[in-house]
Structures are given as C-alpha cells and as structure tokens.
Protein chains: 2
Amino acid sequence: MFRHVGKLGHMSSGRVEQTERRSGALLDHLARRMRLRSESVLAPLGLRPRHLVALTVLREAGGISQQGLASSLQIDSTNVVGLLNDLETAGLVERRRSPEDRRRHVVSLTETGATRLNEAECALAAAEDEVLGALDPAERDTLYELLRRASSGAPATCVEAAGEDPDTLC
Amino acid sequence: MFRHVGKLGHMSSGRVEQTERRSGALLDHLARRMRLRSESVLAPLGLRPRHLVALTVLREAGGISQQGLASSLQIDSTNVVGLLNDLETAGLVERRRSPEDRRRHVVSLTETGATRLNEAECALAAAEDEVLGALDPAERDTLYELLRRASSGAPATCVEAAGEDPDTLC
DNA sequence: CAGATCGTTTGTGTAGCGCCAACCATTTAT
DNA sequence: ATAAATGGTTGGCGCTACACAAACGATCTG
C-alpha cells in the first residue's frame, strides 16, 4: 500500500521499473558527506564525529552500561573503552559503578558534556546547511525528528528483534 | 504532500529549545547500524555497501563523469576507478567515452545494473526493518523522500554553493 | 606547440575497527 | 567455599577504506 512509486520513470523505454525505496544507501551517502564536512568543524573542539555520535546517544539513553553503549553504537566493547577514555578525560562523560552490580559502569553525560555537545551541534550549522541544502527548515526538523525516533527506538541488542514479520513479501 | 509526521508534535512555537537539533550524529549513527546489517545481506550478491551507494547515486544522477561521481560520493577520484572497475566487470555499470570530450567517461547504470540494484534494495528489507523499527511505513516513506531529495539536491561540488555565510547567528 | 584536464596505475600512509588473549573485580551457581 | 560466568581494561594483530602523491597516455584548448 505504501508502494506507490511515483514518477521518475526516466530514460528507460516503456518499462515500468518499480524502484525499491530503501533508505540505506542514501543514509550512508548523506552521513558520509556530513561526516566529512563535520570533521574540520569539530576538530577545534577536540571532538571527532564518533565522539559526537556517542555523546548524542548518551544524551538520549541516559545512564547506560558500557555494553549497552557498545551494542547501541554497534562497535566492539573493547573499542568503547578508548572512546570513553577520550570523553572522560575531557570531562564530558562520567563512569560510575553501578550500585546493584559493581562490575558495571554506568555511563552518563556530565553537565559540561551536555553543554559541549550543544556547542558542537551549534557549530555544525554550516555543515548541515551544505549537506541538507535542498531541504527547508521544516523538512529538516521533520528529518531530525524521524532520525531521533528511529535511533532511540532501535533496540540496543538486535537479538530480540530478529523474529520474523509479515513484511517478507518482497 | 508527504509531510504529515503525525503527532510527535513538538513545539513549533518553541524557543524553549535547550538542545540543538542537528541531524549529523544521528545520520551517522543510523547509517552505521544500517551498513553493518546490510553487509551480510549484500555479500551474497557480490556487493558491498559502498557499491550500493554508488549505484544509487548513479540511478539518480544518470550519465555522469567520473569526476562528478567522485565529488558526489566525496571520495578521491583515484578510488573511483577501482570502484567502477568492480561494478563494470560485474556488468552493472557502463563507461562510455563522451562524444564532445573524449577524455571523459560517461558512467551510467546498465539494464542489469538497475535490476541488481533493485534486487539488492529488496533484499535489504529485513535490515531496514530492524534499523527503522521504530518508524511506521508512512514515516519510513517520508524519511526516504527527505533523504532522496537531500541527496539529489546536494551540489556535487560544494564550491559554488559556498558563496555566503549569513547564518552565523548560532 | 604548450599547457591543462580526464582517467588510470602504483605505491605509501593512516584511521577506524574487529577480533583474540590475558587479566582484575565482582557476581552467581554449585 | 570454590568454581564459573560476566563487565571492564589492556595490548596486540590485521584488515578495509580511504586520502594523497607521482607519473603516464589520451585528449582538449589556448
């Protein structure tokens, strides 16, 4: 029902090539453009794109264990250590031992971390303007909201979501 | 037209905004998740994520020079060569010499290339379902449309678009 | 003709990251 | 209490995706 492909039947002759509307490649493409543009802006702040991603996830996910963070970021937990070391020595993030399970580290944004994240995002305005230039402000807001919800709603461990669903008609 | 984001109605009136709503990090985050999930699905088809990105861009951008492709993908033109070699030996892409400037190669999707791209996108349904699980079909469609427009509207060379910066208000 | 431009090859360097192995501290199971 | 499992940390190995530079043939342009 949401398969209405729309126009864009370009040069090809009569063939009605129905194109699949998958966002993956576009996501990849835009993310790359954005990341490249961001690096130079973020550098003065002592941050790299992945730091910003981690901070963003942490702002959303609150006090989370390192493993939880690893599975949300989808990077190996050994690499999370180094990432958090960066952020912690910069004072942007805090590792506290969990009271109920003292093996665990509860990671959360510090006050300055939240502030710095905000500053960084603010500094990215120009980069975003370049990459999302074709979208008007309202659309960018819609995009942001969709991305945020998709990203927060994504199950940390993709294990339990592996069940089958009725959408296998493709 | 494709704007109805439903209720997630946050304040359009607001100035209460404490956090900057920049999409960069979220884009990065989701793209990563998607890419990782996609790899395993794409492998059987002999494709890697970046191939899919290239094919997607080519479907949108039609006959384009390799330099144009390089600047759209934002990768070095020397690396475009290898990328296209992969795709061309797989018969998914075609290099023809431009009639007006015979130095140039005009790159375009072949028939089988378009087909394969479609198949690949189709195969990615499950991956997309996992990553975008929090979004309902209409929202995913909206997201796709926004991404597509942003990506196609992005000027290949960001040079000529860089003329101004009146938005230092942030 | 000279010089710039497009694509190609080759070679070098680097960053990001997966992965393995070993090691504490702690929790849970026997 | 002893054993096993778990969360975090460290170190190291290796791979992939690039960027960057140099040199070359073919071609366009002044």
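To find a chain, count down the sequence lines: A is the first, B the second, and so on, and within it residues start at 1. As a basis for the values below, the full set of heavy atoms in this structure was taken, side chains included, without hydrogen atoms, waters or symmetry mates.
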side-chain N/O B:Gln66 vs C:dC6 OP1/OP2, d < 4.0 Å: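 Checking B:Gln66 against C:dC6: no side-chain N or O falls below 4.0 Å of OP1 or OP2.
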Phosphate OP1/OP2 of C:dA15 contacted by A:Arg48 side-chain N/O (<4.0 Å):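 So the side chain of A:Arg48 is outside the cut-off, no N or O lying under 4.0 Å from OP1 or OP2 of C:dA15.
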For [X], give me all partners under side-chain contact (heavy atoms from CB on, under 4.5 Å), at least two apart in sequence or on another chain.
| X | value |
| --- | --- |
| A:Ser77 | A:Ala70 |
| B:His105 | B:Gln66, B:Arg95, B:Arg97 |
| A:Thr115 | A:Glu119 |

Selection: residues 81-90 of chain A, any non-hydrogen atom under 4.0 Å of DNA chain D: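 Within residues 81-90 of chain A, the residues near DNA chain D are A:Val81, A:Asn85.
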Interatomic distance, B:Leu47 CG vs D:dT16 P [rounded to whole Å]: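 Distance check: B:Leu47 CG to D:dT16 P gives 17 Å.
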Between C:dT8 (P) and B:Leu69 (CG): distance, integer Å: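 Atom CG in B:Leu69 sits about 11 Å away from atom P in C:dT8.
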Of all residues at least two apart in sequence or in a different chain, which pass the side-chain hydrogen bond (donor to acceptor under 3.5 Å, both in side chains) check with [X]?
| X | answer |
| --- | --- |
| B:Arg102 | none |
| A:Arg32 | none |
| A:Asp76 | A:Thr78 |
| A:Ser65 | none |

Base-contact (B) and sugar-phosphate-only (S) positions in nucleotides 18-30 of chain D, heavy-atom cut-off under 4.0 Å, - elsewhere: SBBB----BBS--
B:Arg33 side-chain N/O to A:Ser72 backbone N/O, donor-acceptor pair under 3.5 Å: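 Flag set: sc B:Arg33 to bb A:Ser72 pair under 3.5 Å.
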